[in-house]
Protein chains: 2
Amino acid sequence: MSVPPLCEAFVLHFGEMGSRWGINRTVGQIYAVLFIAERPLCADDIVDRLGISRSNVSMGLKELQSWNLLRQRSIPGDRREFFHTPDDIYAIVRTLVDERKKREIDPTLSVLRELLMRSPESESERHAQERMREMHDLIELLTSWYADVHKLETERLIQLLSLGSRIVKVLDMKDRLFALPGGKRSANPETGN
Amino acid sequence: MSVPPLCEAFVLHFGEMGSRWGINRTVGQIYAVLFIAERPLCADDIVDRLGISRSNVSMGLKELQSWNLLRQRSIPGDRREFFHTPDDIYAIVRTLVDERKKREIDPTLSVLRELLMRSPESESERHAQERMREMHDLIELLTSWYADVHKLETERLIQLLSLGSRIVKVLDMKDRLFALPGGKRSANPETGN
DNA sequence: CCGAGTTTTCAGATATTTCTGAAAATACGG
DNA sequence: CCGTATTTTCAGAAATATCTGAAAACTCGG
């Protein structure tokens, strides 16, 4: 691998992480190299830096593109394609989460929905469905939260994340403000509850 | 595989998902079988249901235990060990996230910190460090948010999740309430900002 | 439409992971 | 301790995944 030592450590670590993620080591390394590169790289730049075959790079880039993780740029007068990662790291994370959701969560939800439609033929099936229902409902809660938060601009998102669980205090405050004199919670049009 | 059709579909799907997750197909299937089982199962129950070797089950259970995903129960007068998953699915998800964090995020953060300490020896190292810094800061923001939210009881968590991005309206409301007459934001002791 | 530069494909080689059966280790009642 | 029930380990077999070089397929200026 012909990259400076600092970069090498980063690239190697990403390779390892990649393999825990269902993308393979090489793909992880290719991504890492692109992520820290000062300029867009062509396939042969990656061959040089990682010391792997041209065809392997080609397949790796395909894989990363299928994850929507790369941008492409062509330089006038140069036939080669140059690749780079988006500058905005928040955008990168959004893409990652979106893609994983698309590949893992959505198919799971649809399997669960299908299975929950069937009529159980035995007590064990009935119980299994009960468990599937719990899983389904939780996944649905999480994804609808995500869909919702996904819409926020980065600015807002950071604000929200920085707040952490202190948000609960804000909620409490809201509840106190809207509490009816009798102590019962108000129906609050803003939260839909 | 000798489980009712409904269960089989669930187990097979989980096997597939498992392989996208860095745990292998069999381990995913073992977990699925335990998750929907009506009662704790012993290793041989799993052998019967999945039609895989006893030793494979043993290794799979070890793997799941290393993820903290199983509970064990022994029946008096029976030497066998019985396994089951926690009832509370929220607790399961917390465990999953915790473990993934421990295995993926924490090591990444520590590599990043180490690399950020070094002095760059070239312009390309300097630029690489800048990117690593961005990644580091984002991961840190996300994990500290998670650490924070993690403390909430399930009840509160659900409340928060159900609110989704409507939380932003609550925030706006809070900001308006605390706004100083001049229109500048107040220093708000409740949020620490 | 030619041909040089470039990318993609893919069959087979290589490497890695997963799975098994047999043997070893462990647990425990008597 | 012994013997039986059970679990774990592990070397090698089987299955998968990854990687490569060579060939095919593009692409585009001329």
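Note that the coordinates shown come from a computational prediction; the quantities given were computed from them, not determined experimentally. Just so we're on the same page: letters track the sequence lines, and every chain starts at 1.
Between the CD atom of B:Q65 and the P atom of D:dT7 there is a distance of 11 Å, rounded to whole Å. For the pair B:R80 CZ and D:dT4 C1', the computed distance is 14 Å after rounding to whole Å. One can place CG of A:N56 at 16 Å from P of D:dA17, the figure rounded to the nearest angstrom. Atom pair A:Q29:CD and D:dT18:P shows a separation of 13 Å (rounding to whole Å applied). Taking atom CG on B:D78 and atom P on D:dT4, their separation rounds to 18 Å, with Å as the unit. Going from atom CG of B:D44 over to atom C1' of D:dT6 covers 8 Å, rounded to whole Å. Remark: C1' of D:dA17 and CZ of A:R20 are 19 Å apart, rounded to the nearest angstrom. Distance A:W21 CH2 to D:dT18 C1': 21 Å, rounded to the nearest Å.
Using a 4.5 Å cut-off on side-chain heavy atoms (C-beta onward), B:R49 and B:Q29 make no contact.
Cation-pi geometry between A:R100 and A:W67 is not met at under 6.0 angstrom from the ring centre and within 45 degrees of the axis. For the pair A:R73 and A:F82, the NZ or CZ position fails the cation-pi test of under 6.0 Å to the six-membered ring centre and within 45 degrees of the ring normal.
B:R54 comes within contact range of at least one nucleobase, with a heavy-atom separation under 4.0 Å.
Clustering ILVMFWY residues whenever any of their side-chain heavy atoms sit less than 4.5 angstrom apart, transitively, puts A:F14 in the very cluster that holds A:V3.
DNA chain D is contacted by both B:A43 and A:R25; B:A43 maps to the nucleotide lying nearer its 5′ end (nearest heavy atom per residue). Along DNA chain C, the nucleotide nearest to B:I23 and the one nearest to B:S55 differ in position, and the one closer to the 5' end is contacted by B:I23.
Grouping Ile, Leu, Val, Met, Phe, Trp and Tyr residues whose side-chain heavy atoms lie under 4.5 Å apart, directly or via other members, leaves B:M117 alone, with no other cluster members.
With B:T95 contributing its side chain and B:L69 its backbone, the two residues share no donor-acceptor pair below 3.5 Å. Listed for the B:E114 side chain is no donor-acceptor partner under 3.5 Å among the backbone atoms of B:S110.
Within the structure, a side-chain polar atom (N or O) of A:N24 is placed less than 4.0 Å from OP1 or OP2 of D:dC19.
When DNA chain C is scanned in the 5' to 3' direction for atoms under 4.0 Å from non-hydrogen atoms of chain B, the outermost contacting nucleotides are C:dT18 to C:dC28.
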Set out, line by line, the N/O atom pairs under 3.5 Å between protein and nucleotides 27-30 of chain D.
unit_1 : atom_1 : unit_2 : atom_2 : d
D:dT27 : O2     : A:R79  : NH1    : 3.2
D:dC28 : O2     : A:R79  : NH2    : 3.3

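A donor-acceptor pair shorter than 3.5 Å can be found between the side chains of A:R156 and A:Q159.
Enclosure of atom CD in B:E155 is not indicated, since only 12 or fewer non-hydrogen atoms of other residues, nucleotides or ligands lie within 6.0 angstrom.
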